[in-house]
Amino acid sequence: MEIERKFLVNDLNGINLEEYEYKKMAQDYLYIDKFSVVRIRKIETAKGKKFKYTIKTAKVGISVNEIEREISEEDYAELRKQLNSKYNTIEKTRYLYFYIIPYMDNLKIELDVFHGIYEGVVFAEIEFSSEEQAYNTELPKWFGKEVSSKITNSDMAFSNSKDVLKLIEDIKTGN
């Protein structure tokens with residue numbers, strides 16, 4: 001079970017991201033409906049490439065069942081042939097400084113900076129061990145508005161990018 005809250009990050013000033021390790025990711029979606037998501041992911045680091053296959057089911061609020069396994073580059077290439085052309089590829093860089101440094105109570109922050117059709121969007125995510133912990137943890141001051149139940153990566157993959165960018169702007173401005 002994955003329990004995660006996601007927030008907009010409006011300002012990265014004061015954080016020199018070039019100093020930190022990162023992973024470049026490309027996420028493609030094989031299937032999306034209101035109950036489940038099936039995706040593949042290519043992850044590139046300074047140490048090389050990895051490929052993952054993920055199924056997410058039974059999403060309720062900020063909780064979702066997640067099954068993930070590493071796959072070969074050949075399997076990844078075969079699965080890419082099955083992509084649905086109506087889904088967008090999600091491209092992002094996840095900064096490892098935030099991922100490997102504990103925030104508090106052994107929590108870790110993942111900072112995702114998007115590229116491609118979502119250039120300029122930045123999310124911070126924290127994964128929790130329980131929903132109680134998720135709602136009772138003090139959040140960093142640099143977090144913007146919460147988007148946990150409003151925007152998912154699969155929404156970004158399935159929706160028109162202009163609609164998603166407008167939704168993000170509306171959330172930022174409180175409209």
In terms of heavy-atom contacts, does OH of Y135 have more than 12 from other residues, nucleotides or ligands at under 6.0 Å? yes
Got a sec: does the NZ of K172 have more than 12 other heavy atoms crowding it under 6.0 Å? yes
Pairwise side-chain contact, [X] with [Y], heavy-atom cut-off 4.5 Å (strictly under):
{"X": "Y22", "Y": "V113", "answer": "no"}
{"X": "I32", "Y": "D155", "answer": "no"}
{"X": "I126", "Y": "L139", "answer": "yes"}
{"X": "T152", "Y": "V37", "answer": "no"}
{"X": "F143", "Y": "I109", "answer": "yes"}
{"X": "T89", "Y": "E91", "answer": "yes"}
{"X": "I90", "Y": "Y118", "answer": "yes"}
{"X": "D112", "Y": "V122", "answer": "no"}

[X] to [Y] - nearest heavy-atom pair and separation:
{"X": "G144", "Y": "F7", "value": "O-CD2, 3.7 Å"}
{"X": "S148", "Y": "E4", "value": "OG-O, 4.2 Å"}
{"X": "Y31", "Y": "S36", "value": "CE2-OG, 3.7 Å"}
{"X": "K150", "Y": "I171", "value": "CD-CD1, 3.8 Å"}

Atom pair [atom1] ([X]) and [atom2] ([Y]), whose distance is rounded to the nearest 0.5 Å:
{"X": "L17", "Y": "L111", "atom1": "CG", "atom2": "CG", "result": "6.0 Å"}
{"X": "M25", "Y": "K50", "atom1": "CE", "atom2": "NZ", "result": "10.5 Å"}
{"X": "N65", "Y": "T57", "atom1": "CG", "atom2": "OG1", "result": "4.5 Å"}
{"X": "N88", "Y": "L83", "atom1": "CG", "atom2": "CG", "result": "11.5 Å"}
{"X": "K81", "Y": "L30", "atom1": "NZ", "atom2": "CG", "result": "13.5 Å"}
{"X": "Y76", "Y": "F51", "atom1": "OH", "atom2": "CZ", "result": "6.5 Å"}

Does the pair [X]/[Y] count as a salt bridge with the N-to-O cut at 4.0 Å?
{"X": "K56", "Y": "E2", "result": "yes"}
{"X": "R80", "Y": "D28", "result": "yes"}
{"X": "R5", "Y": "E131", "result": "no"}
{"X": "E70", "Y": "K52", "result": "no"}

Donor-acceptor check, side chain of [X] to backbone of [Y], threshold 3.5 angstrom: yes or no?
{"X": "S159", "Y": "S161", "answer": "no"}
{"X": "K6", "Y": "F123", "answer": "no"}
{"X": "D170", "Y": "L167", "answer": "no"}
{"X": "K59", "Y": "G61", "answer": "yes"}

Which of parallel (below 30°), tilted (30 to 60°) and perpendicular (above 60°) describes Y87 and F158? tilted
Donor-acceptor pair between T137 and Q133 side chains, under 3.5 angstrom: no
Any donor-acceptor pair under 3.5 Å linking the side-chain atoms of E132 with those of S130? no
Say whether [X] and [Y] are linked into one hydrophobic cluster, either directly or through other cluster members, by side-chain heavy-atom distances under 4.5 angstrom.
{"X": "I43", "Y": "L79", "result": "no"}
{"X": "V64", "Y": "V147", "result": "no"}
{"X": "L8", "Y": "I151", "result": "yes"}

My understanding is that only one of M156, K42, K92 makes a side chain to side chain contact (heavy atoms under 4.5 Å, CB included) with Q27; could you say which? K92
Evaluate side chain to side chain contact (heavy atoms under 4.5 Å, CB included) for I168 paired with V121, printing each intermediate quantity in order. CA-CA 8 Å; I168 290 170; V121 173; 3.8 Å; yes
Please enumerate all residues that pass ring-ring contact (aromatic ring centres under 6.0 Å, His included) together with Y53, with sequence neighbours excluded. none
Checking K23 against K47 for the side chain to side chain contact (heavy atoms under 4.5 Å, CB included) test, could you report, in this order, the C-alpha distance in whole Å, the side-chain angles of both residues, the deciding distance, and whether it holds? CA-CA 10 Å; K23 306 179 203 184; K47 297 176 184 175; over 6 Å; no
Going through the checks in order, is the side chain to side chain contact (heavy atoms under 4.5 Å, CB included) test met by M1 and I3? CA-CA 6 Å; M1 178 71 67; I3 302 167; 4.0 Å; yes
